[in-house]
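First the proteins, then the strands, lettered A, B, ... as listed; each starts at 1. Since the structure is predicted, the reported quantities are computational estimates derived from the model, not experimental observations.
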Number of protein chains: 2
Amino acid sequence: MKNMQERIERLKEKGIVLTIQRLAVLEFLVENCTHPTVDDIYKSLKEKYPTISQATIYSCLELLRDAGEIQELSIHRDKACFDPNLRMHHHFFCKQCEKIFDVNIECPVSMQGWFDGNKVEEVQAYLYGVCEECRKKEGG
Amino acid sequence: MKNMQERIERLKEKGIVLTIQRLAVLEFLVENCTHPTVDDIYKSLKEKYPTISQATIYSCLELLRDAGEIQELSIHRDKACFDPNLRMHHHFFCKQCEKIFDVNIECPVSMQGWFDGNKVEEVQAYLYGVCEECRKKEGG
DNA sequence: TTAGATGCAAAGTGTTTGCAGCCTG
DNA sequence: CAGGCTGCAAACACTTTGCATCTAA
């Protein structure tokens, strides 16, 4: 269950009603840190909750994102994917196997805060390339 | 005309046919470094070339991007925008006025090359916040 | 009991595709 | 003249919206 309990407390404190669907979406993300898309989440939850709808998934994700419990990534130019990791971190995307994984490099931290009078509230760094596994496969 | 001539040479060397539409898209980007979307480009070029089509704009942009003459950004989660600046740089997006401007911070350079056996070919860092101008306006 | 959440379907937006006709080399 | 680019429209994929029904407190 990881830090589900803490998360549930935080959401309750914000006055958010914890419906079965919202808990299911949050739990799925916490248990699957593979940066799933809306469709990944929908397909998986549909097995356990056959009547769940895509619109509900969208609405739960928006709510959890606005509550600061999850992050929305735009690493794919055509669809959103989500990350329950609240720590400051970045992402690597493998162009070959399309896996996304976390990058714990502190580098862009220095860009947070202020930059020439502009207030920086959030930094997303996306690294695109070929992961170690794929490089080994193709004998590079 | 800025560095149009150089760009045209490079494209010719690659054997790319320089049609009026391709040159118009490239020139528009070089003259308008405001990170326009496909629709921005389309609307503007339609004034000079009334029969130009969106499909052509998409095709020109894809070609120029693949030729390495322009960059495609995914700073907006719902639509692409483009940047003719070939230097390594990043982007700031103002949540209020929605302007995007270049950030010449060297920071993430250190992430290029290699990272734990993964080959990093491209790094895009997006800074989200409120620009100086908007902060002044609201008397912050 | 009732405000507000869900499920469904339709609409909306950005992008891609197929193909006839046109242009460039 | 021929390959391939353009313009048009239809198809697509993801997301948002409207609304009747249901549910949690």
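Listed by chain and residue number, nothing satisfies the salt bridge (Lys or Arg N to Asp or Glu O under 4.0 Å) test with A/K79 (two or more places apart in sequence, or in another chain). Remark: A/K43 pairs with A/D39 by the salt bridge (Lys or Arg N to Asp or Glu O under 4.0 Å) rule, at least two apart or across chains. Under the salt bridge (Lys or Arg N to Asp or Glu O under 4.0 Å) criterion, B/K95 pairs with A/E121, sequence neighbours left out. In this structure A/D116 satisfies the side chain to side chain contact (heavy atoms under 4.5 Å, CB included) test together with A/N118, sequence neighbours excluded. Shown here are the side chain to side chain contact (heavy atoms under 4.5 Å, CB included) partners of B/F28, two or more places apart in sequence or in another chain: B/N32, B/P36, B/I41, B/S44, B/L45.
If you take CD1 of B/I57 and C1' of D/dC5, they are 13 Å apart, rounded to a whole angstrom. The separation between B/I16 atom CD1 and D/dC5 atom P is 10 Å, rounded to whole Å. The CG-C1' distance, from A/D39 to D/dT15, rounds to 12 Å in whole Å. Following rounding to the nearest Å, B/Q54 (CD) and D/dC12 (P) show an atom-to-atom distance of 19 Å. For B/Y58 and D/dA13, the OH to C1' distance is 12 Å, given to the nearest whole Å.
The closest side-chain heavy-atom distance from A/T19 to A/T56 is not below 4.5 Å. Contact of the B/H35 side chain with the B/L73 side chain is registered, since non-hydrogen atoms from C-beta on lie closer than 4.5 Å. Two residues are said to be in side-chain contact when any heavy atoms from C-beta on lie closer than 4.5 Å; A/L64 and A/F82 fail this criterion.
Listed by residue number, the members of residues 61-82 of chain B with any heavy atom below 4.0 angstrom from DNA chain D are B/R77.
Side-chain contact, A/N104 with A/H90: no donor N or O sits under 3.5 Å from an acceptor N or O.
For residues 53-76 of chain A, the set of pairs meeting the ring-ring contact (aromatic ring centres under 6.0 Å, His included) definition, not counting sequence neighbours, comprises A/H76-A/F93. Judged as a side chain to side chain donor-acceptor pair (under 3.5 Å), the pairs with a partner in residues 60-71 of chain B (not counting sequence neighbours) are, in order, B/R7-B/E69, B/R10-B/E69, B/R65-B/E72, B/Q71-B/Q124.
When hydrophobic side chains of Ile, Leu, Val, Met, Phe, Trp and Tyr are connected at separations under 4.5 Å, B/V130 ends up as a singleton with no cluster partners.
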Practice prompt. Would you give a per-nucleotide map of nucleotides 6-11 of chain D, 5' to 3', where B means the base has a protein non-hydrogen atom under 4.0 Å away, S means only the sugar-phosphate does, and - means neither?
Written response: SBB---
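Where DNA chain C meets chain B (any atom under 4.0 Å from a heavy atom), the bounding nucleotides read 5' to 3' are C/dG14 to C/dT17.
For the helix from C/dT1-D/dA25 to C/dG25-D/dC1, the angle separating the two terminal helix axes comes to 40°, with each axis derived from five pairs and the value rounded to 10°.
Using modelled atom types, no side-chain atom of A/Y42 and backbone atom of A/T37 make a donor-acceptor pair closer than 3.5 Å.
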